[in-house]
Structures are given as structure tokens and as C-alpha cells.
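Worksheet for the structure shown next.
Lettering of chains follows the sequences in order, A, B, ..., and the numbering in each one begins at 1.
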Amino acid sequence: MSSARPSPVPPGSSADPVGEVVVDWYAGAARDLPWREPGTDPWAVLVSEVMLQQTPVARVEPVWRSWLDRWPTPAAMAGASPAEVIRAWGKLGYPRRALRLREAAVAITERHGGVVPAEIDELEALPGVGTYTARAVSCFGHGRRQPVVDTNVRRVVARLVHGRAEAAPARASDLVDIAALAPEDDARAIRFSVAVMELGALVCVAGTPRCPVCPVKDRCAWRLAGHPAHDGPPRRVQKFAGTDRQVRGRLLDVLRAASAPVEEDALTAVWDDAVQRSRCLDSLLVDGLVVQTDDGRFSLPE
DNA sequence: AAACCGTGGAG
DNA sequence: TCTCCAAGGTT
């Protein structure tokens with residue numbers, strides 16, 4: 001998987017740069033994910049990255065396959081209706097992502113001749129594409145050398161470099177920090193960007209880290225310091241039960257399943273609190289996830 | 001800039 | 001059961 005590298009020190013040596021060790025570890029430990037297969041085009045990578053925003057790999061895989069089977073190019077997707085993409089999104093969650101991905105496909109078709117751009121600023125100008133996703137697409141989709149920082153990477157750096165238990169909030173300097181750890185060789189630096197994420201996803205996990213199998217455990221500042229507990233302010237866990245997110249989810253669930261516009265009564269049935277239900281329906285209308293027909297019924301936007 | 005935006009599996 | 005959390009982005 002990995003090619004020979006121009007390292008002046010023997011593999012495994014404590015003098016071996018951290019980046020090189022992580023890349024070597026990745027060669028033997030990486031998951032066999034479909035969007036990592038050689039030849040995966042930038043559009044397919046973009047779709048995977050958007051789907052993976054806050055959604056676990058296992059749930060993304062089947063949807064990603066069917067999505068690309070149906071819309072293999074940005075131009076193909078640009079011709080789809082919002083209702084189609086909302087349904088195809090299924091229950092991945094945060095359905096506004098589906099809407100934005102479609103809008104991104106339209107923008108790519110109109111502004112970039114149907115070709116997913118490789119430049120960071122052009123990618124970040126696309127709906128639903130931020131700091132992370134832009135660099136992931138440029139790096140993993142186009143093979144550009146780019147620092148890529150997600151929550152996994154921030155956690156690895158927090159522990160390995162700063163000796164802290166948890167990742168600090170994202171900063172612009174994160175990109176500089178991780179770039180400093182990357183191997184010199186471009187091909188290996190590109191591999192390094194995925195490799196650090198993988199290390200955070202498989203070994204240096206949020207719950208119970210698997211330090212015994214970590215390839216860089218001997219130079220991890222957090223482990224060397226005796227795994228000090230997180231000292232900063234406890235980060236809030238988002239509630240779900242009873243929130244607008246749950247109500248919106250139920251409302252949309254009804255409309256996804258419906259083959260024709262539904263009466264308001266059908267929506268009343270899924271949530272008792274009329275005030276909250278109404279607020280959520282309104283917000284779905286504002287978001288463009290739902291439309292109201294002339295006769296007052298509701299449906300996905302066809 | 002803190003809060004909001006879904007969903008379901010794991011511990 | 002219930003808490004945590006999974007490749008963020010937007011406002």
C-alpha cells in the first residue's frame with residue numbers, strides 16, 4: 001500500500017517523524033472504504049464527505065452507493081428535484097445537507113462546467129462545503145497536498161502534541177499545526193491527511209482510547225503525562241428527545257413516505273404540542289424542505 | 001459565537 | 001435505561 005520512502009532513520013525508531021509513523025501504520029490498518037478506492041472521482045468524494053458530516057460510516061455506505069448510481073455526476077444531480085434528493089437521502093439525518101448538496105451540484109454545473117473544483121476557495125464557495133470538506137475534497141478527490149482537520153484530527157493533536165484529553169474548539173491555526181507534522185514527500189503527506197483521521201477514528205477515539213495499539217504511543221504527550229483528565233469546561237451534549245429536531249424529523253418522515261400532498265391532520269398526529277409542531281413546520285418551510293400546496297396541504301418540494 | 005440542525009448504534 | 005457521540009456547516 002505504501003511505497004518506499006526517503007527516510008534517513010529506520011522505521012519504528014523514536015527519531016522517526018510522527019507523520020511517517022502514522023502513514024506506515026495506516027498502510028496496514030486502514031479500513032476498506034469504498035470512497036477510498038483508487039479512481040474514485042472528486043464528485044463521489046464530495047458526496048461521501050457531505051454524507052459523513054456528523055453521520056457514521058456504516059450508515060453512509062449504502063446511501064452513498066445508491067446516490068452515485070443514480071446521480072453519477074454533478075450535472076445529473078443538478079437535474080433532480082429537491083423532493084427526489086430528500087427521499088434519496090433517507091434517514092442519514094440533517095436533511096438540509098441533501099438540499100445543499102444538490103445546490104452545490106447546480107453551482108458546479110453552472111460555474112465550473114460540471115467539474116468539481118480543486119481550489120479551496122472555489123470549494124468553500126459551494127453550499128454546505130466548509131473548511132473541512134473543501135480540503136478533504138481537494139486532497140482525497142483531487143490528490144492535492146492539503147492539511148485536513150476534522151474532529152478526529154483535533155483530538156489526536158490535542159493528545160499527541162498538547163497532552164490534553166480532549167480536542168480544543170476548531171481554530172485557523174489547526175491547519176498549520178497539522179501541516180507541521182506532515183511528511184515532506186507530497187504523496188506521503190496526502191496519505192498522512194487520511195491517516196491521522198483514521199488514527200482518530202480507530203485508535204485515538206473519543207470514548208476509550210486504545211493506547212496499547214497506538215503506533216505513536218511512545219511519544220504521545222497525553223499518555224506520557226499519565227492521561228490527565230479534561231480540565232476545561234464540560235462540553236454540552238445536545239439533547240434530542242422533545243426538541244425541535246425530533247419534531248422536524250417526524251414531520252419530514254411523514255412527508256417522505258407520502259406519495260401525494262398530505263392534509264395537516266396527518267402531521268398533527270405525530271406531535272401533540274401544537275405550538276411546537278407549528279413552529280417546526282414553519283421552519284421546514286423556511287428551509288425549503290417542505291412546501292404548501294394551494295389547497296393547504298403539505299409535501300416535499302417537487 | 002453559541003446554538004441549532006437528525007438519527008441510530010454502542011457502551 | 002440513558003448518555004454519548006459520528007469525516008461539520010450555518011447563522
Item to check | A:Arg111 atom CZ: more than 12 heavy-atom contacts under 6.0 Å | outcome: yes
Next on the checklist: Is it the case that atom CD in A:Glu184 sees more than 12 heavy atoms from other parts of the structure closer than 6.0 Å?
Outcome noted: no
Next on the checklist: Would you measure the distance from the P atom in C:dG9 across to the matching atom in B:dG9 and give it in whole Å?
Outcome noted: 25 Å
Do any N or O atoms of the protein come closer than 3.5 Å to N or O atoms of nucleotides 1-3 of chain B, and which pairs are they?
none

Checklist entry - Touch check for A:Asp287, heavy atoms < 4.0 angstrom, all strands: base, sugar-phosphate only, or nothing? => result nothing
Checklist entry - When rounded to the nearest Å, what value does the distance between C1' atoms of C:dT1 and B:dG8 take? => result 16 Å
Checklist entry - Separation of A:Leu92 atom CG from B:dG9 atom P, in whole Å? => result 13 Å
Item to check | P spacing across the pair C:dT11 / B:dG6, given as an integer number of angstrom | outcome: 14 Å
Checklist outcome for this item: Sorted by chain and residue number, the salt bridge (charged side-chain N to carboxylate O under 4.0 Å, His left out) partners of A:Glu302 (sequence neighbours excluded) come out as A:Arg87
Checklist entry - Mind checking the C1' distance from B:dC5 to C:dC5? Whole angstroms is fine. => result 15 Å
Could you list the donor-acceptor pairs under 3.5 angstrom formed by side chains in residues 197-211 of chain A, with sequence neighbours left out?
unit_1: A:Glu198; atom_1: OE1; unit_2: A:Arg31; atom_2: NE; d: 3.4
unit_1: A:Glu198; atom_1: OE1; unit_2: A:Arg31; atom_2: NH2; d: 2.8
unit_1: A:Glu198; atom_1: OE1; unit_2: A:Arg36; atom_2: NH2; d: 2.7
unit_1: A:Glu198; atom_1: OE2; unit_2: A:Arg31; atom_2: N; d: 2.8
unit_1: A:Glu198; atom_1: OE2; unit_2: A:Arg31; atom_2: NE; d: 3.0
unit_1: A:Glu198; atom_1: OE2; unit_2: A:Arg36; atom_2: NH1; d: 3.1
unit_1: A:Arg210; atom_1: NH1; unit_2: A:Leu202; atom_2: O; d: 3.2

Checklist outcome for this item: To the nearest angstrom, the CD-C1' distance between A:Gln276 and B:dC4 comes to 14 Å
Next on the checklist: Taking A:Asp272 first and then A:Arg277, would you say they form a salt bridge - that is, a charged N and a carboxylate O separated by under 4.0 Å?
Outcome noted: no
Item to check | Cationic N near anionic O, under 4.0 Å, A:Arg97 to A:Glu49 | outcome: no
Item to check | No-hydrogen, no-angle side-chain donor-acceptor test under 3.5 Å, A:Thr133 and A:Gln53 | outcome: yes
Next on the checklist: Looking at A:Glu264 and A:Arg297, is there a salt bridge between them, counting it only when a charged N and a carboxylate O are closer than 4.0 Å?
Outcome noted: no
Checklist entry - A:Met51 CE to B:dT7 P: how many Å, rounded? => result 15 Å
Next on the checklist: Determine whether A:Trp71 and A:Trp43 satisfy the following criterion, ring pair (Phe, Tyr, Trp, His ring centres under 6.0 Å), listing intermediate values before the conclusion.
Outcome noted: CA-CA 10 Å; A:Trp71 300 300; A:Trp43 167 243; 9.0 Å; no
Checklist entry - When the distance from CG of A:Leu281 to P of B:dC5 is rounded to whole Å, what number comes out? => result 14 Å
Checklist entry - If you look only at pairs with a residue in residues 227-236 of chain A, which of them pass as a side-chain hydrogen bond (donor to acceptor under 3.5 Å, both in side chains), with sequence neighbours excluded? => result A:Arg164-A:Asp231, A:Glu166-A:Arg235
Item to check | Footprint string (nucleotides 1-11 of chain C, 5' to 3'): B base within contact, S backbone only, - free, heavy atoms under 4.0 Å | outcome: ---SSBBBSS-
Checklist entry - Starting at the 5' end of DNA chain B, which residue's closest nucleotide do you reach first, A:Asp253 or A:Thr208? => result A:Asp253
Item to check | Strand-adjacent residues in residues 38-47 of chain A, judged by heavy atoms under 4.0 Å from DNA chain B | outcome: none
Next on the checklist: What's A:Arg256 touching, base or sugar-phosphate or nothing? Going by heavy atoms closer than 4.0 Å.
Outcome noted: sugar-phosphate
Next on the checklist: Taking only the C1' atom of each, what is the distance from B:dA1 to C:dG8 in whole angstrom?
Outcome noted: 16 Å
Checklist entry - With the threshold set at 4.0 Å, does a side-chain nitrogen-carboxylate oxygen contact exist between A:Arg191 and A:Asp186? => result no
Checklist entry - Is the shortest distance from a Lys or Arg side-chain nitrogen in A:Asp253 or A:Arg250 to a carboxylate oxygen in the other one below 4.0 Å? => result no
